[in-house]
Amino acid sequence: MKYSLWPFITVAVATVIIYGSRRFREVAQRLILPLAALAIFVSAWQFGCDLKKYELRSPDGTIRLLEVFPTPWQTVVELGRMVTDGTLLRYTVASMYRVAIGFGLAVLIGIPVGLTMGWGARTFRALNPLVQGLRPISPIAWIPIAILWFGVEDASAIFLIFLASLFPIVTGSFTAVHTIPSVYVRSARNFGLRRFELLRYVIFPASLPQIITALRLALGIAWMVIVAAEMIAVQSGLGYVITDARNGNNYARVCGAMVCLGALGVFLDYAIRQLQRLDEVRWGFSKV
Amino acid sequence: MGDATQNDSKVVVRGLGKVFERKGDGLVVLDQVDLTIAAGEFVCLLGPSGCGKSTLLNIIGGFEKPTVGSVTIDGAPVVGPDPRRVFVFQEYGVFPWASVWDNIAIGLRHLPRAERDARIHRYVELIGLEGFEKTYSSELSGGMRQRVAVARALAVSPDVILMDEPLGALDSLTRFQMRTEILRLWQKERMTILFVTHDVDESVQLADRVVVMSPRPGRIAAVVPIDMPHPRELGSPAYAALKTKLYELLSVTHAV
């Protein structure tokens, strides 16, 4: 139970700081509160591990209690091992590479397709039922097809990431066009803008904030799907680490990989959120 | 009906009617509207909301088709929106993703660069937004944004400017400043202005003629010439009398 004590100390310290001093309230709320929440989470994890142990009888008759689940500390140790033996870096790069290519392709194809569907009523009529029919099929359901087409190769995982990101991007893009206030389109037509000019000066910039939101959503989904893809369709990457470690009964490594997935997911989301700060789209994200 | 003489008439509306189809029956929005506007004239369309004044403006602008009747500008029928007659919307229609400069440039994109830049400079100066050229319009105040909308419209040298309650979304002080601003620009450029409003004071201060409309179906109830030189004395008895007259016309048309 000794691990389970320090989170409560953190919370106590947090409470004292938060209510004790107004000057530190801002800093405290930004730093201590999330740390306290994390501490409670970790202690609950530790508590769960303590709850379920199994007895290991040695031949000499001594009994040792072993955790079934990897503890937070074991996970940290295993993470350290993954860093030093190079697997973490190698597999992170492998996963990131697949997401980058698959997501990139989805952006290149999804935005033009979505904009065309949004602007062209006939294209929309033709393609929307197909898109809406394909969209609810989990990318994971495509794994057998992907392997059939591309084998147990990078291409399989990339294809799955592409599929996972494509539909949110297409849907987000045409919805963005559909919700452009008509006053902008009317103004543009009034000034004689047609076709390509209309697209370049009005349709695209007016949709961009919503498209960026769709990209953010799509990247989040892509990052979730990469694990499933790598568990089955390839022999490397963070998803593969999880299957491989499970097969080797190394559950600390499973948890270590999960922690990495979470951390990298936060990083990716932070990175793509930077797009919202571009001058051209700031109007869409803040009501000043 | 106080029409301008035939030879300098700019906008001619004849026997115009508009019916919006609803389930089963039709809603008559405009009925038998005849109106002739002279070149360089400032006409206000005054009426309560729902009297079809915005619909009339949209038809003149080419954004909507009439059910019956015709609109001609310089003798040619209106078939669609055209940069020669620019619409200024109540919600501005100024692009928030573009700077003041780029907003004004939108109608000038086919001009040679030097000429375009000179024009943009001129109109930025005209609306008093020097120093804000690179500012995104989303960062401007409502009044500044409306000035950009007006400058953007003026920059393409239109013959006709159609304004649909352009000051409706502004606070009263800014509204008041904008009225003076619009008058100043109009006196300088002498384009034809059709200005939709439900504000009696606004129409008396701005217009050469006030066209009073009655609702359901939208008809022209009266045309009141405002024969006062600019700048108008807002406290003068004549001004007050005209306001009273318009209020009476409006309440009479309400009662019908």
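So that the names make sense, note that chain A is the first sequence line, chain B the second, and so on, each numbered from 1. Since the model is a prediction, treat every value here as computed from it, not as a measurement.
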Q: Pick one of side chain, backbone, both or neither for A/Leu208, based on which atoms fall under 4.5 Å of a heavy atom in chain B.
A: neither

**Q.** Mutual orientation of the aromatic rings belonging to A/Phe150 and A/Phe159 [parallel < 30°, tilted 30-60°, perpendicular > 60°]
**A.** tilted

Q. Does any N or O in the side chain of B/Glu181 come within less than 3.5 Å of the main-chain N or O of B/Met178, such that one atom is a donor and the other an acceptor?
A. no

Q: Working to the nearest 0.5 Å, report the span between CD1 of A/Ile221 and CG of A/Leu166.
A: 11.5 Å

Q. Considering heavy atoms only, which positions within residues 94-111 of chain B lie below 4.5 Å of chain A?
A. B/Val94, B/Phe95, B/Pro96, B/Trp97, B/Ile106, B/Gly107, B/Arg109, B/His110

Q. How about A/Gln276 and A/Arg273: does a side-chain donor come under 3.5 Å of a side-chain acceptor?
A. no

Q | Flag for B/Ser157-B/Arg119: side-chain donor and acceptor within less than 3.5 Å | A | yes

Q | Contact origin within A/Val202 toward chain B - heavy atom pairs under 4.5 Å | A | both

Q. For chain A, which residues from residues 61-83 of chain B lie under 4.5 Å away (heavy-atom distances)?
A. B/Phe63, B/Glu64, B/Pro81, B/Asp82, B/Pro83

Q) Which residues satisfy the ring pair (Phe, Tyr, Trp, His ring centres under 6.0 Å) test with B/Phe132, sequence neighbours excluded? A) none

**Q.** Atom group of B/Asn58 that falls short of 4.5 Å from chain A, counting heavy atoms
**A.** side chain

Q: Output yes when B/Asp199 and B/Arg175 qualify as a salt bridge under the 4.0 Å nitrogen-oxygen rule, no when they do not.
A: yes

Q | Region of B/Val86 in contact with chain A, defined by heavy-atom distances below 4.5 Å | A | both

(Q) Within this structure, what is the CZ-CD1 distance for the pair A/Arg216 and A/Ile169, rounded to the nearest 0.5 Å? (A) 14.5 Å

Q) With a 3.5 Å cut-off and no angle check, do the side chains of B/Thr197 and B/Glu202 form a donor-acceptor pair? A) yes

Q: Using ring pair (Phe, Tyr, Trp, His ring centres under 6.0 Å) as the criterion, list what pairs up with A/Phe174, not counting sequence neighbours.
A: A/Phe124, A/His178

Q. Charged N to carboxylate O under 4.0 angstrom, B/Arg122 versus B/Glu189?
A. yes

Q. Is any side-chain N of the basic residue among B/Lys10 and B/Asp159 closer than 4.0 Å to the acidic one's carboxylate O?
A. yes

Q.
Quick check on B/Phe87 against chain A: is it the side chain, the backbone, both or neither that has a heavy atom closer than 4.5 Å?
A. both

